[in-house]
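Comments concern the structure below.
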Amino acid sequence: MLNFEFWSIFEAVANVIILFVLLRIFLFKPVKKMMNERTQSVQKDIDDAERNRQEAEELRKQYSDTISEAKEEANRIIMKAHDDAETERSSIIEKSHQEADEIVSAASETIENERRRVLQQAQSQIADLAIEAASKIVGANLDDDKNRKLVDEFLSEEGDKQ
């Protein structure tokens with residue numbers, strides 16, 4: 001049943017070789033080329049994705065650093081404003097204390113001056129009354145200048161004793 005004829009085996013082998021060559025030229029090479037291109041495309045996509053991931057990581061780190069710096073700067077600004085406000089508050093309080101002391105000092109000086117003026121006025125009025133009373137007692141009008149000088153000396157001596 002099996003008949004091995006050289007030409008039929010040769011034809012079969014030749015057909016397989018021709019089929020292999022044709023398949024290699026028209027099927028294997030384009031498929032291999034397409035597979036290589038697909039592999040390169042996938043590898044390129046993987047490389048691009050890795051590069052994009054690294055860039056994204058760098059950007060995230062930059063944004064994180066920027067945010068940290070901004071927070072630190074904000075804290076410094078807040079602390080400086082707080083310190084400036086505290087300094088200003090202390091300055092205002094010190095200035096108000098000084099102004100209050102000046103007002104009290106000026107008021108004390110004014111009161112003392114007014115007290116002296118009233119005392120001098122009272123002494124003058126007392127001197128006039130004393131001279132008038134002495135004149136009426138003596139019955140004659142004595143020299144007003146001498147009398148005033150005498151009374152002023154008396155009042156000064158009495159004022160010094162007190």
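As the structure is a prediction and not an experimental result, all values here were calculated from the model.
- Considering CD of Glu58 and CZ of Arg53, their distance stands at 10.0 Å, rounded to 0.5 Å.
- Considering only residues two or more places apart in sequence or on other chains, Glu114 meets the salt bridge (Lys or Arg N to Asp or Glu O under 4.0 Å) condition with Arg117.
- Between the CD atom of Gln62 and the CD atom of Glu69 there is a distance of 10.5 Å, given to the nearest 0.5 Å.
- The local environment of CZ in Arg76 is crowded, with over 12 non-hydrogen atoms from other residues, nucleotides or ligands closer than 6.0 Å.
- In the hydrophobic clustering, where aliphatic and aromatic side chains (Ile, Leu, Val, Met, Phe, Trp, Tyr) are joined below 4.5 Å either directly or transitively, Leu23 groups with Leu19, Phe20, Leu27, Phe28, Val31, Met35.
- For the atom pair Asn75 CG and Glu72 CD, the distance stands at 8.0 Å (nearest 0.5 Å).
- Following chains of ILVMFWY side-chain contacts shorter than 4.5 Å, one cannot reach Val42 starting from Met34, and the two form parts of different hydrophobic clusters.
- Of the possible polar contacts, one joining the Thr87 side chain to the Asp83 backbone as a donor-acceptor pair under 3.5 Å is found.
- With hydrogens and angles disregarded, no donor-acceptor distance shorter than 3.5 Å links the side chain of Ser64 to the backbone of Arg60.
- Checked against side chain to side chain contact (heavy atoms under 4.5 Å, CB included), Gln125 has the following partners two or more places apart in sequence or in another chain: Gln121.
- When each of Lys95, Glu94, Glu88 is tested with Ile92 by the rule side chain to side chain contact (heavy atoms under 4.5 Å, CB included), just one qualifies, namely Glu88.
- The aromatic rings of Phe10 and Phe6 lie parallel to each other, their planes meeting at an angle below 30°, with 60° marking the opposite boundary.
- Atom CD of Glu55 and atom CG of Asp48 lie 9.5 Å apart (nearest 0.5 Å).
- Of the listed residues (Gln43, Lys44, Arg51), just one forms a side chain to side chain donor-acceptor pair (under 3.5 Å) with Asp47, and that residue is Gln43.
- Formation of a donor-acceptor pair under 3.5 Å by the Ser108 side chain with backbone atoms of Val104 is found in this model.
- Every residue was checked against the ring-ring contact (aromatic ring centres under 6.0 Å, His included) condition with Tyr63, not counting sequence neighbours, and none meets it.
- With sequence neighbours left out, the side chain to side chain contact (heavy atoms under 4.5 Å, CB included) criterion links Asp84 to Lys80.
- Tracing side-chain contacts under 4.5 Å through hydrophobic residues (I, L, V, M, F, W, Y), one never reaches Trp7 starting from Val16; they form parts of separate clusters.
- Within the structure, salt bridge (charged side-chain N to carboxylate O under 4.0 Å, His left out) pairs that include any residue of residues 23-36 do not occur (at least two apart or interchain).
- Put simply, the side chain of Thr110 gets close to the backbone of Ala106: a donor and an acceptor are under 3.5 Å apart.
- For the pair Glu57 and Lys61, the salt-bridge criterion is not met [side-chain N within less than 4.0 Å of a carboxylate O].
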